[in-house]
Amino acid sequence: MARTSPDLPWNVRIFVNTIAFFMDVCRRSNGRINRTLMNLLDLKASPLSKPVKGLQSSDIMVDKSRNLWFRLYAPLHHAAATSLPVIFYFHGGGFALMGADSKSYDDFCQRLARELPAIVISVNYRLAPEHRYPSAYDDGFDALKFIDGERIKDRLPANANLKRCFIAGDSAGGNLAHHVAVKAAEHEFDQLKIVGLIALQPFFGGQERTESENRLAGALMINVERTDWMWKAFLPDGSDREHAAANVFGPKSVDISGLKFPATMVVVGGFDPLQDWQKSYYEGLKKRGKEAHLIEYPNAIHSFYIFSELQESSLLIKDMRDFMRNE
Ligand SMILES: *[C@@H]1O[C@H](CO)[C@@H](O)[C@H](O)[C@H]1NC(C)=O
């Protein structure tokens, strides 16, 4: 029988199984999420109001009426004269779970900010099924416009280089990153220049069952039973997974050939059931004349990057740094 997971440290395996268990117990059969339960299980982290290892962070409200805010990470030990790239980050969680203040994502964004280094803007977008497509995409794009605007000027670190912005995200956040990048490509910003897109194991799909979805049906974290539920919670009532939000280069997709789309890095794991969709995404970008780079880690499971002890997690930071340097 084909292996569905690599050798992993026992603590990683336990943590992954725990997250998967949480995802399952918070999902109700009627397609809703038990938020009370989720808030209990989803460990939160406060921003770093005092510097820790050369990093400070703060939460900034964009629009109170929909609780749209972001956590801003600012590395301090870099001289103000040295400009740092800016990353708009979208967390994963199947469009329905987690937040910018979830401990796993706070830890990961701290690592990105310190180790790349970069200014990181981790966006707390609205979640499904309470807020379906396109709420999360609107929130993501509005966060970009907010940073482009006057109101934020004094609150951004002086060394933030708005001419070198990247849009990044993992899993459902990688899907968001793509769709926000499309909106950004259709928009004229005053200050911002989006120079790259980093899609970490982005969550794309369709009606078809791919080879990797079938072969890795027993994989850790992700399987079609869970992903089908997530799409159903996120997509408009009555639509199937051929919707352009899921199947970005499928029959219902919007043609982006003519768009000035940023260079894209697509990260794929060999033990991720979603890898065939992600490779199709990479191929789709190339076919439409976009600059795209495929990075494959044969032993990586879905969401490997939140485990700093995994070798691929360090490799990812190095590969992101190389990609960002060249854009
Ligand atoms: C949410 O989960 C908690 C704990 O299991 C349970 O007591 C509560 O009844 C659930 N709420 C709903 C609306 O299902």
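Everything quoted here is computed from the prediction, not taken from an experiment. First listed ligand is number 1; within each ligand, the first listed atom is number 1.
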Let's go through S171 and H302 carefully: what are the C-alpha distance in whole Å and the side-chain angles of both, what is the deciding distance for side-chain hydrogen bond (donor to acceptor under 3.5 Å, both in side chains) to 0.1 Å, and is it a yes or a no? CA-CA 8 Å; S171 197; H302 192 78; 2.8 Å; yes
Lys/Arg N to Asp/Glu carboxylate O, R241 vs D228, below 4.0 Å: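 Counted as a salt bridge, because a side-chain N and a carboxylate O are separated by less than 4.0 Å.
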Can D240 and K232 be counted as an ion pair, charged N to O under 4.0 angstrom?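 K232 and D240: not salt-bridged.
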Would a search of protein heavy atoms around atom 7 (O) of ligand 1 find one under 4.0 Å away?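 Within 4.0 Å: no protein heavy atom nearby.
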Does atom 2 (O) of ligand 1 have a protein non-hydrogen atom under 4.0 Å from it?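 Yes, because at least one protein heavy atom sits under 4.0 Å from atom 2 (O) of ligand 1.
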Which atoms from ligand 1 have a heavy atom of R28 less than 4.0 Å away?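 With R28 as reference, the close atoms of ligand 1 come out as 13 (C), 14 (O).
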Checking side chain to side chain contact (heavy atoms under 4.5 Å, CB included) between L72 and each of I152, V86, I121, I147, which is the one that passes?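 In the set I152, V86, I121, I147, the residue that makes a side chain to side chain contact (heavy atoms under 4.5 Å, CB included) with L72 is I121.
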Nearest heavy atom to atom 14 (O) of ligand 1 wins, so pick from L37, N34, T36.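 Checking each option, the heavy atom nearest atom 14 (O) of ligand 1 is found in N34.
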